[in-house]
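Have a look at the structure below before the remarks.
The analysis underlying the following values was restricted to heavy atoms, covering all of them including side chains, and did not include hydrogens, waters or symmetry mates.
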Amino acid sequence: MLRLLGAVINFIFKLIALVFAALFIAATVLVLLLYTVNTRVASPDLYTRALADARLYERLPAAVGEIMEGGIGFNPCAENPDQPECKAEGGGAPAESPLSALFRSPSPQLQACMTQALGAEAFDQLARSQRQPKSRDITLIRPCLREFGVPAGLLPEGGAPVYFIMLNGSDYEMIVSSLLPAGALQTMVEDVIGQAFAYLDFKTDTIKISLVALKQRATGDAGINVLLRLLRAQPACTAQQLAQWAGLVGGASLGAMPICRVPDEIITGAAPLIRQGLAQILSTVPDEAVLLSAPQSGNQAGQSAPGATSAPQAEDPRVAIQRARTFISLSPLVPAALLLLVTVFGVRSRKGWLRWWGIPLLLAGLIGVGMALAAAPLADWAYPTYVVAKLPPVVGPGARRMVGDRIRRIAGALAGSLGLSASIVALAGLALVTASSF
């Protein structure tokens with residue numbers, strides 16, 4: 001009878017040990033994930049390397065140009081007219097795009113050019129407001145606008161200036177690359193990333209971006225080249241506008257500069273005045289801009305009493321992040337406690353100890369390795385499914401590929417760290433299981 005009772009108790013203990021072993025495996029996998037996130041995601045090197053290795057700074061101007069070109073004529077209601085937010089109040093038709101007025105231009109030359117660019121049927125639909133213009137329509141008629149211009153007063157105030165509508169993607173790409181070359185852009189971005197992590201660690205209360213290099217380039221040759229690119233995309237200057245430019249060369253105010261395609265020699269003569277005017281305008285711009293600032297403490301002295309937390313400080317999201325990181329640093333205590341319970345309820349011999357520890361460690365490590373191997377395919381599936389599907393159409397293919405590359409690289413770095421840690425755990429488990437055979 002006692003032997004039977006002992007067998008039942010031993011069976012119950014082993015069953016409890018199996019439950020704790022299963023919980024240990026789950027907890028160990030979770031700890032591996034949390035530690036990977038804490039050590040890699042919370043490190044600026046992950047992002048600086050991912051951005052630099054994929055030549056983001058060289059590719060960014062083209063992506064910005066693509067977005068800007070599509071964004072000038074982007075109208076979400078033209079793409080999705082049946083969306084509730086695109087309906088006028090009371091359930092009417094979608095609100096008309098300001099650029100629809102372009103297709104009702106009184107200029108015969110401009111109308112003829114747009115008709116040839118779009119096709120008679122498409123132009124008639126747009127001129128009669130039977131449909132709204134899309135980004136592609138604006139792209140097709142842009143050469144016509146550059147040649148014949150936009151009649152004064154045709155577009156309502158409050159939208160993008162007419163001269164920005166004339167610019168295409170390559171123009172915006174040149175502007176970005178001239179004012180922010182790859183080296184300067186990399187310095188700015190990496191400085192902001194470093195400040196962001198210092199901010200999260202309470203080493204600073206603000207994240208700032210320096211504008212000094214940008215201001216210097218804008219008032220130098222790069223600024224003149226950007227202005228030339230902007231002016232060359234505009235319609236040719238009229239006689240009146242040329243007279244204004246002549247006055248500018250003679251010392252007139254920069255505010256009198258007309259935006260039109262002016263001969264390069266006139267720009268050359270006006271370059272000193274343009275530089276001076278740009279310097280005066282940019283002198284009012286601060287040398288740095290604050291991107292993020294911590295909530296202000298209610299204590300005017302800037303200090304809190306020990307153990308006291310002011311209301312603004314309690315709302316600081318960095319506090320929650322620090323608590324989460326503290327929890328992650330203590331999380332290994334959970335699988336350690338579970339392994340101790342496995343030992344108490346399951347281990348009855350040295351061989352049993354090696355197996356009760358080795359098998360759960362081996363399984364947890366193998367699961368972690370499997371998750372690391374699945375990270376890249378999972379990122380490839382999740383990016384188009386959950387990210388690209390939610391991006392507005394104005395974000396073109398180039399920008400989407402660039403973002404996708406960054407996600408894949410970051411996911412690959414995280415998977416590498418997880419795989420390394422999980423492999424160590426699996427090897428430790430395998431060593432214990434192997435030792436139990438001897």
Side-chain angles (χ1 to χ4, degrees), residues 13-47 49-50 196-197 200-202 316-347 352-383 385-387 406-436:
F13 275 27
K14 285 188 176 181
L15 184 62
I16 295 174
L18 284 173
V19 172
F20 284 129
L23 292 175
F24 166 81
I25 293 172
T28 302
V29 173
L30 181 59
V31 168
L32 288 173
L33 285 172
L34 292 176
Y35 255 77
T36 299
V37 170
N38 191 38
T39 57
R40 294 292 288 162
V41 174
S43 170
D45 292 341
L46 173 66
Y47 307 97
R49 289 180 182 177
F197 283 92
L200 293 176
D201 290 336
F202 289 91
D316 192 336
R318 296 179 297 172
V319 176
I321 293 174
Q322 288 295 324
R323 288 173 180 169
R325 297 185 67 178
T326 301
F327 169 77
I328 292 174
S329 64
L330 297 176
S331 61
L333 296 176
V334 176
L338 290 170
L339 196 59
L340 178 61
L341 291 172
V342 169
T343 305
V344 171
F345 286 97
V347 174
W353 166 66
L354 292 172
R355 290 189 175 181
W356 275 107
W357 279 32
I359 293 176
L361 284 170
L362 177 60
L363 291 177
L366 291 177
I367 292 174
V369 171
M371 293 174 65
L373 293 175
L378 183 62
D380 289 338
W381 167 79
Y383 175 67
T385 305
Y386 293 101
V387 180
R406 301 296 73 67
I407 292 177
R408 292 185 187 93
R409 285 182 178 271
I410 292 175
L414 294 176
S417 296
L418 175 61
L420 177 61
S421 302
S423 298
I424 294 174
V425 172
L427 289 174
L430 180 62
L432 292 176
V433 172
T434 303
S436 69

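- To the nearest 0.5 angstrom, Leu32 atom CG is 10.5 Å from Leu420 atom CG.
- Between the CZ atom in Phe345 and the CG atom in Leu18 there is a gap of 12.5 Å [rounded to 0.5 Å].
- Closest of all the heavy-atom pairs between Ile410 and Ala50 is CG1-CB, 4.0 Å.
- Residue Leu366 holds its CG atom at 6.5 Å from CG of Leu363, rounded to the nearest 0.5 Å.
- Gly358 and Val433 get closest at one heavy-atom pair: C-CG2, 3.5 Å.
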Apply the test side-chain contact (heavy atoms from CB on, under 4.5 Å) to residues Arg355 and Leu432: give CA-CA distance (whole Å), side-chain angles for both, the deciding distance (0.1 Å), then the verdict.
CA-CA 7 Å; Arg355 290 189 175 181; Leu432 292 176; over 6 Å; no
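- For the pair Tyr47 (side chain) and Val41 (backbone), a donor-acceptor distance under 3.5 Å is present.
- Checked by atom type and distance alone, the side chain of Tyr35 never pairs as donor or acceptor with a backbone atom of Ser331 at under 3.5 Å.
- Checked by atom type and distance alone, the side chain of Trp356 pairs as donor or acceptor with a backbone atom of Gly346 at under 3.5 Å.
- Although no hydrogens or angles enter the test, the distance criterion places no donor-acceptor pair under 3.5 Å between the side chain of Ser417 and the main chain of Leu414.
- Across all non-hydrogen atoms, the minimal contact from Val369 to Ala422 is N-CB, 3.5 Å.
- Listed here is the closest heavy atom pair of Gly419 and Ser423: O-OG, 2.6 Å.
- Side-chain N/O atoms of Thr343 and Trp357 include a donor and acceptor closer than 3.5 Å.
- In this structure, OG1 in Thr434 is found 10.0 Å from CG in Leu354, a value given to the nearest 0.5 Å.
- For Phe202, the side chain to side chain contact (heavy atoms under 4.5 Å, CB included) partners are Asp316, Arg318, Val319, Gln322, not counting sequence neighbours.
- With values rounded to the nearest 0.5 angstrom, Phe24 atom CZ is found 8.0 Å from Leu338 atom CG.
- The two residues Thr28 and Pro335 have their closest heavy-atom pair at OG1-CB, 3.6 Å.
- A pairwise comparison of heavy atoms in Ala27 and Val334 identifies CB-CG1, 4.2 Å as the closest pair.
- Summarising the geometry, atom CD1 belonging to Ile328 is positioned 9.0 Å from atom CG belonging to Leu30; distances are rounded to the nearest 0.5 Å.
- With a 4.5 Å cut-off on side-chain heavy atoms, Asp201 and Arg325 count as touching.
- Checked by atom type and distance alone, the side chain of Ser43 never pairs as donor or acceptor with a backbone atom of Arg40 at under 3.5 Å.
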